Protein chains: 2
Amino acid sequence: MGLKGAETRVRMLDATQTLIEAGGYHAAGLNQVIAASGAPRGSLYFHFPGGKDQLVGASVRRAGGMIGEALEGLADSSASVAEFADAVLRHLGDRLEESGWRKGCPVATVALEIAATSDPLQEVCSEVYASWEDALRARLAGRPDADDLAVVILALVEGALLLARTHRSREPLDRVARRIGVLLG
Amino acid sequence: MGLKGAETRVRMLDATQTLIEAGGYHAAGLNQVIAASGAPRGSLYFHFPGGKDQLVGASVRRAGGMIGEALEGLADSSASVAEFADAVLRHLGDRLEESGWRKGCPVATVALEIAATSDPLQEVCSEVYASWEDALRARLAGRPDADDLAVVILALVEGALLLARTHRSREPLDRVARRIGVLLG
DNA sequence: AAAAATATGTAGACCGATCTATTAAGGATG
DNA sequence: CATCCTTAATAGATCGGTCTACATATTTTT
């Protein structure tokens with residue numbers, strides 16, 4: 001893959017990512033992806049011969065990886081698990097509010113939309129969540145209830161993000177941040 | 001409104017509700033609503049002159065009310081808050097699994113899809129969530145942290161539902177049920 | 001009580017817009 | 001030359017929405 005090809009590919013993934021995060025699978029119309037990335041229609045099918053599902057799948061996977069890396073970064077700069085959880089919630093809250101309540105979880109919307117229809121995409125979403133669970137579990141190593149806690153923390157964060165986005169307020173994130181310490185003992 | 005009119009109206013709402021829950025706003029195509037409800041196109045715009053948004057709005061509101069009632073019922077037959085939370089999670093897990101991982105939360109998908117685009121629908125979703133928070137808060141009356149806890153519990157349940165639906169497993173719901181007692185003291 | 005008038009729904013053809021996907025050809029680059 | 005990539009026209013399906021004609025109740029009028 002040449003330089004130019006790689007660049008347009010990335011531009012397409014970026015555009016798709018933004019559109020998906022704001023409104024899910026159906027909001028990421030190929031026309032809009034093309035318009036936002038500046039590339040013509042045919043190029044899309046050159047880079048993603050599998051069509052829209054391949055594009056969305058790659059996009060969700062990439063977004064998942066990015067968030068995962070951010071998670072690791074926050075974890076490394078936190079002294080305790082409670083501090084880490086607090087940093088995550090604050091980070092996600094900033095991101096959400098700064099984007100005008102557009103950028104929540106890049107996986108959730110697609111996951112809920114296609115859970116009943118597209119098996120390949122469902123699997124991608126499942127894998128991304130599993131990778132985040134793994135990252136959390138690693139940070140909880142040593143605790144006897146690490147397996148449960150990792151899932152509970154992820155559920156709490158995802159739920160708070162959903163509520164915050166729906167209410168257009170970071171209040172749910174703040175409330176969760178205030179109470180999550182209880183869970184961690 | 002005559003009897004027959006009310007019946008088709010309900011059939012349309014039922015069809016919309018099912019489609020929305022399985023795949024959100026865009027999955028509830030008017031053609032499918034028409035096909036599933038057996039009513040012709042014209043009837044839809046007679047009962048919902050506001051078009052799709054009005055139909056979806058009414059559907060989400062109705063679904064929210066139904067879940068709210070189920071919540072009250074479970075609350076009344078539970079001795080403690082912890083027992084109540086457990087019953088809710090088990091009830092939602094049954095519902096989700098029995099439906100072939102189709103019936104999760106009837107609000108979440110729409111909320112995430114249109115949060116950035118449709119103000120009226122966003123408001124409907126926000127109101128439904130607020131009503132559930134109220135119901136939970138009423139059950140927590142007396143506790144000093146009731147306001148926080150209601151939101152935290154709702155976030156936990158919504159997040160667990162999202163993960164369960166994505167993984168096609170009730171494991172996340174079970175894990176949350178196992179740990180939610182810690183939150184409640 | 002019969003007939004006329006009005007509301008209440010039903011029915012489906014039709015419209016323009018938009019969607020994903022395909023195609024065939026040409027330009028750039030090694 | 002050959003491979004990588006771009007370009008744009010186009011196809012065919014589906015989308016939400018509008019329209020007019022028709023049937024069925026419900027009232028009003030006589």
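So you know, we letter chains A, B, ... as the sequences are listed, proteins then strands, and number each from 1. The structure presented is a predicted model; accordingly, all values stated were derived computationally and were not measured.
- A cation-pi contact, defined as under 6.0 Å to the ring centre and within 45° of the axis, links B:K52 to B:Y25.
- Base contact: A:G42 has a heavy atom under 4.0 Å from a base atom.
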Quick one: which protein N/O atoms are closer than 3.5 Å to N/O atoms of nucleotides 16-19 of chain C? Pair and distance per line, please.
unit_1: C:dC19; atom_1: OP2; unit_2: A:N31; atom_2: ND2; d: 2.7

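- One atom, CD1 of A:I34, and another, P of D:dT6, lie 12 Å apart when rounded to the nearest Å.
- Distance, B:F46 CZ to D:dA21 C1': 16 Å, rounded to whole Å.
- In this structure, CD of B:E7 is placed 11 Å from P of C:dG9, rounded to the nearest angstrom.
- Summarising the geometry, the separation between OH on A:Y45 and C1' on D:dT6 is reported as 16 Å, rounded to the nearest angstrom.
- Atom CG in A:L44 sits about 20 Å away from atom P in D:dT10, given to the nearest Å.
- For the OP1/OP2 pair of D:dC5 and a distance below 4.0 Å, the side-chain nitrogens and oxygens of A:T8 include no atom meeting the criterion.
- Rounded to 10 degrees, the angle separating the terminal axes of the helix from C:dA1-D:dT30 to C:dG26-D:dC5 is 0°, with each axis obtained from five end pairs.
- In this structure, of D:dA8, C:dA11, D:dC4, it is D:dA8 that holds the atom nearest to the side chain of A:P40.
- Of all the residues in residues 111-123 of chain B, not one reaches under 4.0 Å from DNA chain C with any non-hydrogen atom.
- Annotation: the span from B:S37 atom OG to B:L30 atom CG amounts to 10.0 Å, rounded to 0.5 Å.
- No side-chain heavy atom of A:V124 sits under 4.5 Å from any side-chain heavy atom of A:V110.
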